[in-house]
There are 2 protein chains.
Amino acid sequence: MKLQQLRYILEIQRQGLNVSEAAETLFTSQPGISKQVKLLEDELGITIFERTGKRFTGVTEPGKAVLRIAEQILREAENLKRASADFAGGTSGRLVLAATHTQARYALPLVVRDFIAQHPNVKLEFHQGSPTQIAEWVVNGDADLGIATEALDQYSQLITLPVRQWSHCVIAPEGHAILKHQPLSLNELAKWPLITYDTAFAGRSRINRAFERIGATPNVALTALDADVIKTYVSLGLGLGIISALAYDAQRDSGLVAMEAAHLFESNTTRLALRRGTYLRRYDYDFIALFASHLSRRVVDMAMQGGGDEYQL
Amino acid sequence: MKLQQLRYILEIQRQGLNVSEAAETLFTSQPGISKQVKLLEDELGITIFERTGKRFTGVTEPGKAVLRIAEQILREAENLKRASADFAGGTSGRLVLAATHTQARYALPLVVRDFIAQHPNVKLEFHQGSPTQIAEWVVNGDADLGIATEALDQYSQLITLPVRQWSHCVIAPEGHAILKHQPLSLNELAKWPLITYDTAFAGRSRINRAFERIGATPNVALTALDADVIKTYVSLGLGLGIISALAYDAQRDSGLVAMEAAHLFESNTTRLALRRGTYLRRYDYDFIALFASHLSRRVVDMAMQGGGDEYQL
DNA sequence: CGTGATTACGTTTATCGTAATTATA
DNA sequence: TATAATTACGATAAACGTAATCACG
């Protein structure tokens with residue numbers, strides 16, 4: 001049994017049971033793969049792939065078991081290389097972050113600045129996407145760390161850690177009539193056209209639920225993927241904006257006024273996601289600690305081992 | 001990176017950093033290992049073993065990380081073979097049980113009989129030992145299933161499942177004076193010489209604790225590893241026996257009388273131990289189900305995944 | 001027939017064991 | 001000086017790629 005052989009059968013599965021495709025993606029010859037698959041099957045005494053004639057048409061029951069374990073093994077092999085590189089490379093390496101706009105624009109800049117100062121030789125990459133995309137990137141190993149407010153806890157292959165809590169605020173153009181109605185109520189808010197996040201983003205689910213609870217139907221005139229767009233349209237007078245309080249800055253956002261809305265919508269928890277079972281390099285821990293000081297190496301390790309209860313903010 | 005290389009470095013560690021010894025146990029040449037270690041180190045870009053001149057004198061920090069992961073990988077590789085053999089061999093295979101005398105003699109015979117009938121081609125092996133030995137056999141993979149009443153839950157690498165509860169009974173020769181003092185009390189019992197299990201066996205800890213609690217010092221005249229020996233000496237009139245209620249059979253043990261002692265000593269739970277993370281073959285599940293009907297495949301799988309709360313009897 | 005897997009075969013590379021060498025305790 | 005790891009080298013075997021063959025749609 002060779003690690004290659006495991007790579008081969010996994011790639012065949014990934015390529016929809018097409019050996020030729022697998023050979024291409026692995027930069028090798030198709031007969032080579034074919035032979036190794038057969039050798040492996042002979043050694044194990046089972047058939048992994050169902051064949052009709054010479055075509056691969058399915059995965060046998062034992063094949064499923066073998067593929068599942070093979071995946072584990074290769075994942076661990078990946079970890080081994082990662083761990084070595086961590087020690088060997090000193091401070092160099094690559095860190096791939098996946099985050100939503102809100103995080104990338106408002107929560108991460110200072111953290112990234114400090115991280116780069118601390119690890120000048122680590123190449124920092126940034127993938128921006130929806131919470132679901134982020135989760136899948138991390139699951140597939142395309143990203144090392146995922147940061148988002150929604151969706152992350154839906155994936156059993158992810159370990160998620162609470163980073164910080166935040167609330168929404170409502171923004172309005174200066175001189176807007178609603179500014180006289182503070183503290184705000186949901187009923188008041190429901191009278192105006194609203195501009196807020198797209199579904200599946202930055203706590204949008206909490207916003208919906210709040211209006212549902214009082215039986216009101218908000219008039220959402222426009223949805224956007226990020227607070228900057230929302231602010232733009234609020235400035236144009238198209239409606240009131242509901243955004244993350246993190247995204248409002250009185251200085252920068254002149255012409256706009258923010259109103260406290262923590263009492264209207266449930267608070268949100270930004271979470272950090274890691275793939276279960278991956279080896280964490282020193283700079284992974286460092287980034288996490290910079291981002292959320294309470295997430296020390298010890299706390300992260302505890303969570304990774306699934307040990308004990310979830311860390312509470 | 002080859003699986004062999006991982007085997008090599010692990011064996012070197014096991015043999016106390018002696019490459020020559022490792023070569024012997026792996027039935028290969030010392031230079032071969034030496035070279036492969038170097039190749040692996042070069043590939044990973046780290047040194048795994050500290051050397052002073054040409055001697056191996058320690059494991060480096062990266063080496064520790066690598067060895068830990070290597071162990072995981074080889075364990076999974078073992079699982080892969082196991083899984084294959086499970087499907088390939090049909091009903092054949094090998095099942096190694098580790099159990100204490102009490103279990104082997106009184107709890108297991110019928111289970112073993114049924115299992116053999118169900119799986120005539122599975123070679124059943126039996127290792128009898130102390131609870132600690134049993135635990136270590138299972139941890140090392142020398143035994144597939146461990147069964148004992150004590151010690152098993154001290155090992156984090158073991159998954160343990162409750163099988164059944166049982167109580168102690170007191171046995172005496174026919175006509176013994178104590179037979180008039182029923183129901184028994186600990187104070188009465190403390191007046192007589194006692195014969196019971198050796199420390200670390202079959203609930204002996206509960207017996208000690210019971211006497212401690214009332215501040216009495218039992219007169220333990222003789223300790224033995226199993227109930228049969230105890231019964232023999234009780235028959236000879238050397239004292240009263242305290243044994244597992246499972247071990248007394250009115251028919252077979254003529255000349256001896258058993259007295260209820262469930263109210264004197266805490267009840268004991270026989271537990272079944274499995275090594276965390278091992279692949280369970282169909283006949284492993286079958287044996288477990290025969291031994292304890294409530295331990296269905298589902299229940300065992302849940303426990304193996306560390307999911308949810310412990311099963312309660 | 002075209003796509004896709006297997007068989008055949010030759011080249012290259014890697015692995016393993018023996019023997020010689022070197023370093024340490 | 002004995003023990004133990006490395007280096008050198010030759011034999012064996014494994015892996016890989018090319019070309020030819022075979023099977024299914």
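Sequence lines set the chain letters: A, B, ... in the order given, protein chains first and strands last, and positions in each chain run from 1. FYI, side chains are in, hydrogens and waters are out, and symmetry mates aren't considered; it's all heavy atoms of this structure.
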**Prompt:** When you measure from the side chain of A:Arg51, which nucleotide among D:dA4, C:dT6, D:dT6 comes out closest?
**Reply:** C:dT6
Listed pairs, N/O of protein and of nucleotides 18-24 of chain D, under 3.5 Å:
from	atom 1	to	atom 2	distance (Å)
D:dC24	O2	A:Arg55	NH2	3.2

**Item:** Residues in contact with DNA chain C, drawn from residues 9-18 of chain A - heavy-atom cutoff 4.0 Å
**Value:** A:Leu17, A:Asn18
**Asked** Out of curiosity, B:Gln103 CD to B:His101 NE2, how far, rounded to the nearest 0.5 Å?
**Response** 10.5 Å
**Prompt:** For residues 137-149 of chain A, which residue pairs qualify under salt bridge (Lys or Arg N to Asp or Glu O under 4.0 Å), counting only residues two or more places apart or in two chains?
**Reply:** A:Arg82-A:Asp144, A:Asp144-A:Arg281
Let me check something: any side-chain donor-acceptor pairs from residues 50-61 of chain B under 3.5 Å, sequence neighbours excluded? List them with distances.
from	atom 1	to	atom 2	distance (Å)
B:Arg51	NH1	B:Glu41	OE1	3.2
B:Arg51	NH1	B:Glu41	OE2	3.1
B:Arg51	NH1	B:Phe49	O	3.1
B:Arg51	NH2	B:Glu41	OE1	3.2
B:Thr57	OG1	B:Glu50	O	3.4
B:Thr60	OG1	B:Thr47	O	2.6
B:Thr60	OG1	B:Ile48	O	3.1
B:Thr60	OG1	B:Gly63	N	3.0

**Request:** Could you check how far NZ of A:Lys38 sits from P of D:dA14, rounded to whole Å?
**Result:** 17 Å
**Message:** I need the CG-P distance between B:Leu3 and D:dA14, as an integer number of Å.
**Reply:** 16 Å
**Asked** Atom CG of B:Asp42 to atom P of D:dT7: distance rounded to whole Å?
**Response** 10 Å
**Request:** Mind calculating the distance between CG (B:Leu39) and C1' (C:dC16) to the nearest angstrom?
**Result:** 12 Å
**Asked** Can you list the residues that meet the side chain to side chain contact (heavy atoms under 4.5 Å, CB included) rule with A:Glu76, with sequence neighbours excluded?
**Response** A:Asn79, B:Ile69, B:Gln72, B:Ile73
**Message:** If you only use heavy atoms from C-beta on, which nucleotide in D:dC16, D:dA5, C:dC16 is closest to the side chain of B:Lys35?
**Reply:** C:dC16
**Pairs where residues 19-28 of chain B contributes a residue and the test side chain to side chain donor-acceptor pair (under 3.5 Å) is met, not counting sequence neighbours** = B:Glu11-B:Thr25, B:Ser20-B:Gln30
**Request:** Apply ring-ring contact (aromatic ring centres under 6.0 Å, His included) to B:His119 and list each qualifying residue two or more places apart in sequence or on a separate chain.
**Result:** B:Phe115
**Prompt:** What's the CD-C1' distance between A:Glu24 and C:dG4, to the nearest Å?
**Reply:** 12 Å
**Request:** Answer yes or no for A:Arg282 and A:Phe87: cation-pi contact, defined as NZ/CZ to six-membered ring centre under 6.0 Å and angle to ring axis within 45°.
**Result:** yes
**Request:** Check the distance between D:dA15's P and B:Gln4's CD and give it to me in whole angstrom.
**Result:** 11 Å
**Asked** CG of A:Leu40 versus P of D:dA14: gap in Å, rounded?
**Response** 15 Å
**Complete:** Hits for salt bridge (charged side-chain N to carboxylate O under 4.0 Å, His left out) against A:Arg297, two or more places apart or cross-chain, chain-then-number order -> A:Asp301
**Request:** Rounded to 10°, tell me the angle between the two end axes of the helix from C:dC1-D:dG25 to C:dA25-D:dT1, each built from five pairs.
**Result:** 30°
**Fill in**
Here the residues of residues 43-50 of chain A within 4.0 Å heavy-atom distance, strictly under, of DNA chain C are none
For a quick test of your reading: what N or O donor-acceptor pairs under 3.5 Å do the side chains of residues 126-137 of chain A make, sequence neighbours left out?
from	atom 1	to	atom 2	distance (Å)
A:Ser130	OG	A:Gln133	N	3.2
A:Gln133	OE1	A:Ser130	N	2.9
A:Glu136	OE2	A:Tyr155	OH	3.4

**Message:** Please give me the minimum heavy-atom distance between A:Leu161 and A:Leu274, naming the atom from each residue.
**Reply:** CD1-CD1, 4.4 Å
Under-3.5 Å N/O pairs linking protein and nucleotides 12-14 of chain C:
none

**Request:** Please state whether the phosphate of C:dT15, meaning OP1 or OP2, lies under 4.0 angstrom from any side-chain nitrogen or oxygen of B:Tyr8.
**Result:** no
**Request:** Give the rounded distance in Å between these two atoms: CD1 of B:Ile33 and P of D:dA4.
**Result:** 14 Å
**Asked** Which distance, rounded to the nearest 0.5 Å, do you find between the CG of B:Leu80 and the CG of A:Leu44?
**Response** 6.0 Å
**Prompt:** About how many Å separate CZ of A:Arg94 and NZ of A:Lys123, when rounded to the nearest 0.5 Å?
**Reply:** 8.5 Å
